[in-house]
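Report on one structure; see the data block that follows.
Quick note: residue numbers are just sequence positions, from 1.
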Amino acid sequence: MNTVRSVGMPRCDRWFATAVAVIAVAGSAPTAFAHFTGEAAHDEITRLVAQELAAERTTALWAASVRDTTKRSGPWRVAQVRTEKRSVAANTSGDAGAPSAAGIFAAFAPAVRVRWDEQFLFVESNGLPAHGMMAGITAWQQQVPLPQPYTGKNAWQIPLHPVVATTPVLIRGRFLRGAIALAANGIPIFNPQNNRGEISQEIGELDQWGGHCGRADDYHYHAAPLHLQSVVGAGKPIAYALDGYPIYGRTEPDGAVPEKLDGYNGHETAALGYHYHGSTKYPYVNGGFHGVVVEKDGQVDPQPRAQGVRPALNGLRGAKITGLEGTPGKTPVTLTYTVNGKPASVSYAATGEGAWTFRFVGADGSTREEIYRAGDSRGGGGGGGPPRDGKQKGDGGKNRKSGPLPERGEPRPGGGGDGAVTTQTYVPKRTGSFSLRSPVVAGGGVLPAEYTGDGASISPPLEWAGAPAGTKSFVVIMHHLDPEGKTKWYWTLYNIPADLTALPKDVHGVGELGNNSVTRRAGYAPPHSKGPGEKAYIVTAYALSTPLQISTPPAEVNRDVLLAAMKDVILDSAELKVVYTRPGGSGDGPPRGAPQDGKSKGKGPR
């Protein structure tokens with residue numbers, strides 16, 4: 001069995017066995033003994049163990065106790081905690097044997113609890129902070145805070161003995177999914193960039209505490225929670241990065257301004273060893289990982305999964321959150337907001353057995369009610385929307401308000417797909433030196449109808465600059481993320497010659513065309529999304545160190561095939577985000593003029 005480390009013990013086996021005996025006499029008979037700070041029932045056991053150790057019971061008692069315990073419970077022992085390199089004085093958890101990393105979380109007990117083994121500190125919480133939430137957000141994805149089950153096997157884990165990485169990594173353009181650190185109050189901290197690569201703090205996505213809710217209604221920060229310094233105490237870390245190194249506030253414990261910070265917002269001092277600092281400008285938190293982490297599917301692995309109860313929605317243009325009253329899971333909650341100055345609200349409450357009742361009051365005065373149950377939602381949850389037409393119940397959130405592209409992968413989107421979509425997320429190298437633009441649309445601007453299914457259905461012109469030395473070919477991919485978190489792709493063009501710096505509109509005869517998820521044939525498929533409302537599309541250019549050798553027929557070369565083929569040869573990448581709103585109605589079928597194959601000939605580069 002795995003041994004969970006508990007209270008500190010002397011090293012000799014006789015003292016260790018005496019502790020076992022005392023706990024057995026106290027009436028406990030678990031197969032493992034885990035200490036949770038913030039759990040009052042533990043205090044008496046700790047006192048008894050210390051008393052028995054001081055008494056130094058005889059070897060006879062030791063032997064009898066071990067035999068008795070083995071008969072009743074099988075292998076069972078209370079492990080001793082290895083002394084940490086950090087001083088015990090830094091530990092404020094109330095348990096002299098606890099790892100020093102446990103200390104900052106004790107300030108938020110019992111809402112936050114910790115346990116540990118010889119490798120990790122495990123942190124449990126319901127994912128809700130004691131401070132306010134959501135007020136001030138102006139780029140709202142329609143999520144609201146709900147409790148999360150960050151407990152048991154789904155707890156956060158912090159390495160107790162971080163290992164310096166041979167090659168530390170920056171988080172810019174990487175680790176765009178999931179958390180990169182954990183705050184002292186048990187709230188995860190995500191990359192300062194959202195999953196589209198935008199800095200959340202700079203585009204109105206965060207509240208005054210540096211947080212917002214993801215697509216599973218999971219509250220998390222995208223900036224260092226500097227406000228926690230007053231709670232944990234001066235000179236203490238406010239968080240731990242998931243590589244195990246602490247994150248301090250804007251100053252050193254002695255109040256001095258940090259000096260010589262590296263690219264990861266960290267440095268090493270004689271007093272603290274290596275540690276990071278939070279800041280009020282990018283990267284706001286740890287700008288990378290000085291320590292070893294495992295990267296999988298664009299995030300640190302392993303880490304807990306948020307569990308949503310509702311379908312995810314898109315952003316609501318013109319909305320501004322004005323306040324949130326109540327405690328999710330304990331008392332009814334009302335989130336108030338305005339849409340272009342008109343008041344609206346979302347009220348919700350837990351109704352038992354995993355059910356939640358939501359009531360939406362729209363800016364037009366209409367109302368709607370929904371009942372959601374845990375497990376009913378497919379994929380990553382998300383936000384409830386403002387009401388639509390009258391009062392309805394139990395439609396599972398099908399009536400959705402369209403808007404800007406929601407964050408993808410917060411949490412991981414559900415699997416599956418029908419062959420025309422993909423859930424694969426890949427975060428390529430992105431230095432910022434390589435840039436992509438279009439002469440017909442600015443970044444974030446509206447794609448002219450000429451390049452959509454409502455116009456000529458031709459590909460837009462592109463221009464790029466700053467390709468790194470050694471570039472041997474380029475790849476262009478255009479994709480869109482739907483409300484279910486699935487990716488649709490419209491353009492896959494690869495083996496573009498390295499001496500080109502632009503593509504003309506309606507390009508033909510350049511590079512090799514892969515397929516699209518609209519017609520499932522090789523060629524460009526113009527945006528022609530079903531349903532009303534604004535949709536966002538991302539065009540990404542990749543600079544590769546070699547041309548791609550792909551034996552798959554062009555009609556079978558999809559986005560996933562390209563990403564897999566080039567993942568190890570990407571020198572740099574850049575993206576251009578555009579939006580388009582269909583002029584009424586919805587499209588049911590391929591847009592007019594959509595290419596039927598990848599062999600058409602026409603204009604080359606100009």
Side-chain angles (χ1 to χ4, degrees), residues 111-113 122-129 133-134 141-157 176-183 185-191 194-195 211-222 242 296-314 324 326-330 333 335 346 348-358 370-385 394 396-398 400 406-417 423 425 481-486:
V112 180
R113 303 197 305 173
F122 300 95
V123 183
E124 299 187 341
S125 77
N126 68 355
L128 296 174
M133 293 175 282
M134 307 299 285
Q141 302 293 337
Q142 301 191 69
Q143 292 89 9
V144 299
L146 292 180
Q148 297 295 329
Y150 299 141
T151 59
K153 293 182 179 180
N154 202 44
W156 297 95
Q157 59 182 55
L176 299 183
R177 304 174 67 210
I180 61 171
L182 184 68
N185 59 353
I187 305 302
I189 305 173
F190 281 42
N191 192 312
N194 62 25
N195 291 92
H212 71 175
C213 293
R215 300 180 71 236
D217 289 327
D218 54 306
Y219 187 83
H220 56 264
Y221 302 120
H222 278 268
L242 295 189
K296 182 179 180 181
D297 296 330
Q299 66 180 21
V300 177
D301 185 75
Q303 65 176 277
R305 181 179 178 121
Q307 296 181 12
V309 301
R310 304 184 296 153
L313 296 186
N314 294 326
L324 184 142
T327 303
K330 294 184 179 180
V333 179
L335 181 148
V346 179
Y348 58 100
T351 54
E353 298 182 354
W356 291 82
T357 298
F358 279 71
E370 297 284 354
I371 297 176
Y372 302 97
R373 286 184 171 81
D376 288 349
S377 173
R378 294 182 59 191
K398 294 178 182 178
R400 300 177 181 176
E407 288 192 41
R408 58 181 183 265
E410 291 187 19
R412 297 177 290 276
T423 57
T425 298
L481 199 79
D482 72 10
E484 296 295 328
K486 297 176 181 178

How far apart are the closest heavy atoms of P328 and P147, and which atoms are they?
O-CG, 3.8 Å

Check whether any side-chain N or O of Q157 sits under 3.5 Å from a backbone N or O of P302 as a donor-acceptor pair, and report yes or no.
no

Going by the angle between their ring planes, with limits at 30° and 60°, are W356 and F358 parallel, tilted or perpendicular?
tilted

Which pair of heavy atoms, one from C213 and one from P145, lies closest together, and at what distance?
SG-N, 3.3 Å

Going by side chain to side chain donor-acceptor pair (under 3.5 Å), name the residues that satisfy it together with Y348, two or more places apart in sequence or in a different chain.
none

Verify, without hydrogens or angle tests, whether Q148 (side chain) and Q307 (backbone) share a donor-acceptor contact under 3.5 angstrom.
yes

Under 4.5 Å between any side-chain heavy atoms of I180 and L242, yes or no?
no

Look only at the side chain of Q303 and the backbone of G178, and say whether a donor-acceptor pair between them is shorter than 3.5 Å.
no

Taken to the nearest 0.5 Å, the spacing of H220 NE2 from I189 CD1 works out to 11.0 Å

Qualifying residues under side-chain contact (heavy atoms from CB on, under 4.5 Å), relative to A355, sequence neighbours excluded:
T351, R373

Closest non-hydrogen atom pair between A306 and Y150, with its separation:
CB-OH, 3.9 Å

Nearest-0.5 Å distance, OH of residue Y372 to OG1 of residue T357
10.5 Å

To the nearest 0.5 Å, what is the distance between CG (L335) and CG (L324)?
5.0 Å

Determine whether W156 and V112 satisfy the following criterion, side-chain contact (heavy atoms from CB on, under 4.5 Å), listing intermediate values before the conclusion.
CA-CA 11 Å; W156 297 95; V112 180; over 6 Å; no

Could you measure the distance from the CG atom of L128 to the CG atom of L146? Nearest 0.5 Å is fine.
8.0 Å

For T327, the side-chain contact (heavy atoms from CB on, under 4.5 Å) test, sequence neighbours excluded, returns K330, T331

What I'd like to find out is whether the side chain of N195 reaches to under 4.5 Å of the side chain of R177, using heavy atoms alone.
yes

How long is the straight-line distance from NE2 of H222 back to CG of N194, given to the nearest 0.5 Å?
7.0 Å

Hey, is the main chain of G152 close enough, under 3.5 Å, to the side chain of E124 for a donor-acceptor pair?
yes

Between Q143 and M134, which heavy-atom pair has the shortest distance, and what is it?
O-CE, 3.4 Å

side-chain contact (heavy atoms from CB on, under 4.5 Å) for V333 and V144? Distances and angles first, verdict last.
CA-CA 10 Å; V333 179; V144 299; over 6 Å; no

Examine the side chains of Y221 and N185 and answer whether a donor and an acceptor come within less than 3.5 Å of each other.
yes

Would you compute the distance between atom CZ of F190 and atom CG of D218 and round it to the nearest 0.5 angstrom?
5.5 Å

Under 3.5 Å: donor-acceptor pair, side chain of N154, backbone of P149:
yes

